[in-house]
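One structure is given below, encoded as C-alpha cells.
All chains are named by letter (A, B, ...) in the order of the sequence lines, taking the proteins before the strands, and each is independently numbered beginning at 1.
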Amino acid sequence: MSETQSNATTDLCIEIRNMNKWYGDFHVLKNINLAVTRGEKIVICGPSGSGKSTMIRCINRLEEHQEGDIIVDGTELTNDLKNIDAVRREVGMVFQHFNLFPHLTVLENCTLAPIWVRKVPKAEAEATAMEFLERVKIPEQANKYPGQLSGGQQQRVAIARSLCMRPNIMLFDEPTSALDPEMIKEVLDTMVSLAEEGITMLCVTHEMGFAKKVADRVIFMDEGEIIESNTPHEFFDNPQHDRTKLFLSQILGH
Amino acid sequence: MTKETYAPGTHPSLPPPKNTVGVIYWLKENLFSSATNSIVTLVSIYLLYLALPSAINWLFIDATYVGTTRKDCAPGGACLAFIVERFNLFVYGFYPAELRWRVNLATLLLVVAGAAVLWDKIPARKQMLKFAMVYPFIGAWLLTGGFGLEPVSTHLFGGLMLTLIIGVTGIVFSLPLGILLALGRQSDLPIIKYFCVGFIEFIRGVPLITLLFVASTMLSYFLPPGTTFDLLMRVLIMVTLFASAYMAEVIRGGLQALPKGQLEAAESLGLNYGQAMRFIILPQALKISIPGIVNTFIGLYKDSTLVIVIGLLDPLGIGRASVADSAWLGLSTEVYLFVAVFFFISCFGMARYSLYLENKLNTGHKR
C-alpha cells in the first residue's frame with residue numbers, strides 16, 4: 001500500500017490484499033490491493049466495465065472473490081455465513097437503482113432490518129428511522145410507498161435505510177447515475193453531509209465535483225486494475241498515467 | 001370556442017370538457033364509436049332479443065319446481081323439480097342424513113376460517129388466523145368422526161361436499177408446497193435442486209387421471225401389506241402434489257420477474273436468506289404470481305371432477321348417476337346446467353377475489 005497510509009497507529013477499516021476475481025474465464029479484478037482507514041472517503045472512478053462496482057460489491061460479498069483476502073472491520077470474508085452476516089451488518093450499501101422494497105412503506109423500508117437483524121424494538125427503530133429521514137429531509141414521506149416518490153427522494157430514502165443499521169462503512173454504487181440532473185444535487189448534498197460526519201465511505205461515481213469536495217483519495221480503475229490512487233488535488237491536476245489523463249480529458253472535456 | 005388566456009406560470013388546472021363525461025359519452029365511445037362497432041352492437045342486441053325470452057321462459061316461467069317424477073313436469077319448461085328432489089344428494093352425497101349437521105357445521109366453520117385468511121379487515125384477525133390454522137383438523141374430525149363422534153366412512157362422501165373437500169385441501173396445501181418447490185428449484189444445493197426439478201417435471205409429465213389410478217390401485221402395492229390407506233386420503237395427496245408442481249412453476253415465474261437488486265438490497269442490509277425470502281422476495285413474487293396461482297386453483301378445483309374415474313361421486317358423478325334414474329329420464333340438460341352453475345359460481349368467485357387482491361396489493365408503481 002501507499003506508504004503514507006501504513007503507519008502503525010492507523011486504524012484500518014477495510015483491507016484488500018492481492019484480490020482476484022473471475023466471471024467464468026473473464027478476469028474482472030486483477031490483483032487488487034487497497035487499505036482504507038477509518039473515516040476515509042474514497043471515490044472510485046473509471047470507464048464502464050473497469051470493475052469498480054464489482055470491487056465494492058466484493059466488500060459486502062454481493063460478489064464472491066476467488067483469490068486473496070478481504071478483511072472488513074477485522075472480519076475476514078470467507079464462505080463462512082456468520083462472517084458474511086457480520087460484515088453486512090456493519091456495511092451499508094446504496095445502489096444505482098435504489099432497490100427500495102416497493103411493497104413496503106418508506107418507514108417500513110427503514111425499520112425492517114433494524115428490527116429483524118439488530119433486534120431493535122419496533123418503537124425505537126421507528127424513532128431512529130424518522131431521525132434519519134429527517135436527516136435526508138423527507139420525514140413527511142414516511143408513510144408513502146417508494147413508487148410514489150421521485151428518483152431523488154427514493155435515493156435519499158435508500159441512504160436513510162442503510163444508515164438506520166448504523167453502519168461503520170457506507171458503499172455507494174453510482175448513486176446518482178440513474179437520476180435526473182435536477183435530483184442529483186439533493187442526493188450529493190446528502191452524501192456530503194454524511195461525509196462531514198466522519199463515516200468511512202467508498203463511492204463509485206462520475207461526479208468529479210463531489211470527488212474534489214469530499215474525497216481523501218481518488219482511485220482510478222481500468223480493465224480490472226487499480227491504475228492510480230491519489231489525493232483529489234494530485235489526481236486531477238497531476239495525473240501520473242496516460243490512461244488516467246485520457247479518462248480525465250474525456251469526462252472533464254465537455 | 002373562446003379560450004381564456006393566462007399569464008405564463010399561472011394556468012390553473014381545469015375540469016375536462018363537458019362532452020367527454022357521462023352516460024351518453026360512454027355509450028358513444030364504447031358501443032357506437034364506429035360503423036362496424038354500431039353494427040356489432042345492434043346485431044348483439046337482436047340476438048339477445050331472440051335468445052333471452054325463450055331461455056327465461058324455459059328456466060323460470062314454464063319451469064316446474066315441485067314434483068316426484070318426470071310426469072309432474074310441464075313439457076315446455078325446465079324440470080327443476082328433479083334438482084329440488086335430489087338436492088341433498090347433490091350436496092352431501094351419501095352422507096347419513098341424521099349426521100348432515102356435521103357437514104353444515106364444518107362448512108360454516110370453513111367460511112369463518114376462510115374469511116380470516118382472505119380478508120384482512122376482519123375483527124380479531126390474529127385469533128381468527130390461529131383458528132384457521134387448526135381448522136383442517138376440526139373439519140376432518142367433524143366430517144369423518146371418531147373421538148366421540150360417530151365415524152362416517154369417506155366412501156359415503158360425495159356431491160358438492162366432496163368437491164369442496166378436494167378443492168380446499170388441494171388449494172390450502174399446494175400453495176406452501178409449491179413455494180417450497182419453487183425455492184428448492186433455485187437452491188445452490190444440487191440434491192435439493194434436482195429433487196425439486198425431478199418432482200416437478202415428473203408430476204407435470206403425467207396426466208392427473210393416471211395419478212388418480214395410481215392412488216386408487218397401485219399405492220397399495222408399494223405400501224407395506226396390511227396398511228389400509230383411505231381412498232379419499234390418497235386422492236387428496238395426489239391432487240395436492242399435482243397442483244403443487246404447477247404452483248411451483250407459476251411461483252418460479254414470479255421469482256424470476258423480480259429485479260436482482262431486491263435480493264441484493266435485502267442481503268446488504270444483513271437479512272439472512274429466510275428473512276429476505278419472507279419479507280422481501282416472496283411477498284413480491286407471490287403478488288406477481290396471483291393470476292397464475294388463481295388460475296392453478298381454478299384448474300385444480302375443476303379437475304376434482306376427475307375423481308369420478310375411480311368411483312368417487314362428485315356433483316358431476318352424482319348428476320350422471322341421477323340422469324340414469326328411470327323415474328326421471330331425459331333430464332341431462334337440467335342436471336348438467338345445475339353442475340355448471342355450481343362450478344361457475346365457485347370459480348368466478350375465485351377470479352373476482354384475485355382481482356380484489358391484486359388491487360389491494362398495488363402500491364402505486366412497479367418499482
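- Aromatic rings of B/Y246 and B/F242 (six-membered ring for Trp) have centroids within the 6.0 Å cut-off, being under it.
- When the candidates A/N60, A/D85, A/L112 are compared by the number of heavy-atom contacts under 4.5 Å with chain B, A/L112 comes out ahead.
- A donor-acceptor contact closer than 3.5 angstrom links the side chains of A/N79 and A/R61.
- Listed for the A/N99 side chain is a donor-acceptor partner under 3.5 Å among the backbone atoms of B/G261.
- No other option in A/M93, A/R89, A/H103 has as many heavy-atom pairs under 4.5 Å with chain B as A/H103.
- The contact between A/L104 and chain B is made entirely by side chain atoms (from C-beta outward), counting heavy-atom distances below 4.5 Å.
- Proximity to chain A (any heavy atom under 4.5 Å) is shown, for B/E267, by both the backbone and the side chain.
- Using a 4.5 Å cut-off between heavy atoms, A/F95 touches chain B through its side chain atoms alone.
- Looking at A/H97, there are no atoms closer than 4.5 Å to chain B (heavy atoms on both sides), in backbone or side chain.
- The contact between A/R57 and chain B is made entirely by side chain atoms (from C-beta outward), counting heavy-atom distances below 4.5 Å.
- In terms of modelled atom types and a separation under 3.5 Å, the side chain of A/H27 and the main chain of A/L29 share a donor-acceptor contact.
- Residues A/Q66 and A/N20 bring no donor and acceptor atom of their side chains to less than 3.5 Å of each other.
- With hydrogens and angles ignored, the 3.5 Å screen pairs a side-chain donor or acceptor of B/Y353 with a backbone N or O of B/L118.
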